[in-house]
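Structure record follows, encoded as structure tokens.
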Amino acid sequence: QVQLVESGGGLVQAGGSLRLSCAASRRSFSNDAMGWFRQAPGKEREFVAAIKWNTDITYYADSVKGRFTISRDNAKNTVYLQMNSLKPEDTAVYYCAVHLRSYGDNYYVASQYDYWGQGTQVTVSS
């Protein structure tokens with residue numbers, strides 16, 4: 001079992017920034033990456049970004065490229081999502097999750113992730 005604790009959400013005006021954090025209780029060989037997803041009211045959960053633990057490889061949704069940056073601190077088992085130039089359409093509950101290598105190598109799909117955090121609300125006002 002892996003526990004994930006997210007923090008850093010809040011209310012911000014359009015054009016502003018927020019930094020989300022996701023602290024994992026532990027890492028294992030089976031966990032090769034961490035991802036961020038988001039879900040807005042009435043919409044399906046969508047991929048935002050992912051990062052591998054042991055390389056510099058990152059993945060981003062087209063909608064956030066150039067605005068969001070995912071990073072990690074291996075010593076703290078923590079992943080961050082720096083969100084700049086926020087837009088009202090970024091409003092959602094943001095979740096972090098553990099990607100398991102045994103599920104495959106598609107880091108964009110939620111079905112390859114296990115152990116989800118409780119979510120943190122991000123609201124961007126216009």
Side-chain angles (χ1 to χ4, degrees):
Q1 286 283 348
V2 178
Q3 281 76 46
L4 302 174
V5 179
E6 298 127 335
S7 60
L11 173 63
V12 65
Q13 289 189 332
S17 299
L18 283 174
R19 189 193 194 205
L20 305 183
S21 299
C22 173
S25 59
R26 67 180 186 90
R27 281 193 291 137
S28 67
F29 176 76
S30 63
N31 162 214
D32 64 335
M34 297 291 291
W36 285 99
F37 288 75
R38 65 187 182 186
Q39 187 166 19
K43 295 188 176 181
E44 293 189 355
R45 188 169 298 189
E46 65 173 359
F47 172 79
V48 176
I51 187 168
K52 289 195 168 186
W53 279 117
N54 296 318
T55 73
D56 292 329
I57 297 175
T58 56
Y59 308 83
Y60 293 97
D62 288 342
S63 59
V64 306
K65 278 182 183 176
R67 300 189 298 123
F68 291 11
T69 302
I70 190 170
S71 61
R72 54 167 167 54
D73 184 332
N74 288 25
K76 296 182 179 180
N77 290 346
T78 299
V79 175
Y80 305 97
L81 186 67
Q82 178 67 44
M83 306 185 294
N84 299 329
S85 302
L86 283 162
K87 305 174 181 180
E89 50 264 43
D90 294 318
T91 295
V93 178
Y94 284 70
Y95 300 90
C96 65
V98 172
H99 182 272
L100 299 181
R101 65 176 77 241
S102 62
Y103 285 7
D105 58 1
N106 186 339
Y107 298 92
Y108 296 88
V109 296
S111 60
Q112 291 199 6
Y113 289 79
D114 207 343
Y115 306 116
W116 293 79
Q118 80 285 356
T120 185
Q121 177 70 47
V122 171
T123 303
V124 184
S125 62
S126 57

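FYI, side chains are in, hydrogens and waters are out, and symmetry mates aren't considered; it's all heavy atoms of this structure.
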Residue pair R27 / N54, side-chain heavy-atom distance below 4.5 Å: yes

Residues which pass side-chain contact (heavy atoms from CB on, under 4.5 Å) with S7, listed by chain and number, not counting sequence neighbours: S21

Donor-acceptor contact present, side-chain Q112 to main-chain N106, <3.5 Å: yes

Under 3.5 Å donor-acceptor, N31 side chain and A33 backbone: yes

NZ/NE/NH1/NH2 to OD/OE distance under 4.0 Å, D90 and K87: no

Student check: side-chain heavy atoms of V124 and V122 closer than 4.5 Å: yes

Shortest non-hydrogen contact between T91 and Q121, atoms and distance: CG2-NE2, 4.0 Å

Parallel, tilted or perpendicular: rings of Y94 and F68 (30°, 60°): tilted

Heavy-atom donor-acceptor pair, N74 side chain to W53 backbone, under 3.5 Å: yes

Note, L18 side chain near L86 side chain (heavy atom, < 4.5 Å): yes

Parallel, tilted or perpendicular: rings of Y59 and Y107 (30°, 60°): parallel

Heavy-atom pair with the smallest gap, counting every atom of Q39 and K43: NE2-O, 3.1 Å

Rounded distance (nearest 0.5 Å) linking atom OH of Y80 with atom CH2 of W36: 10.5 Å

Separation between NE2 of H99 and OG of S30, rounded to the nearest 0.5 Å: 11.0 Å

Derivation of the side chain to side chain contact (heavy atoms under 4.5 Å, CB included) call for R72 and D56: CA-CA 10 Å; R72 54 167 167 54; D56 292 329; 3.9 Å; yes

Intermediate values then yes/no, side chain to side chain contact (heavy atoms under 4.5 Å, CB included), E46 and R38: CA-CA 5 Å; E46 65 173 359; R38 65 187 182 186; 2.6 Å; yes

Beyond-backbone contact of L20 with E6, side-chain heavy atoms, under 4.5 angstrom: no

Residues V79, L81; criterion side chain to side chain contact (heavy atoms under 4.5 Å, CB included); working and verdict: CA-CA 7 Å; V79 175; L81 186 67; over 6 Å; no

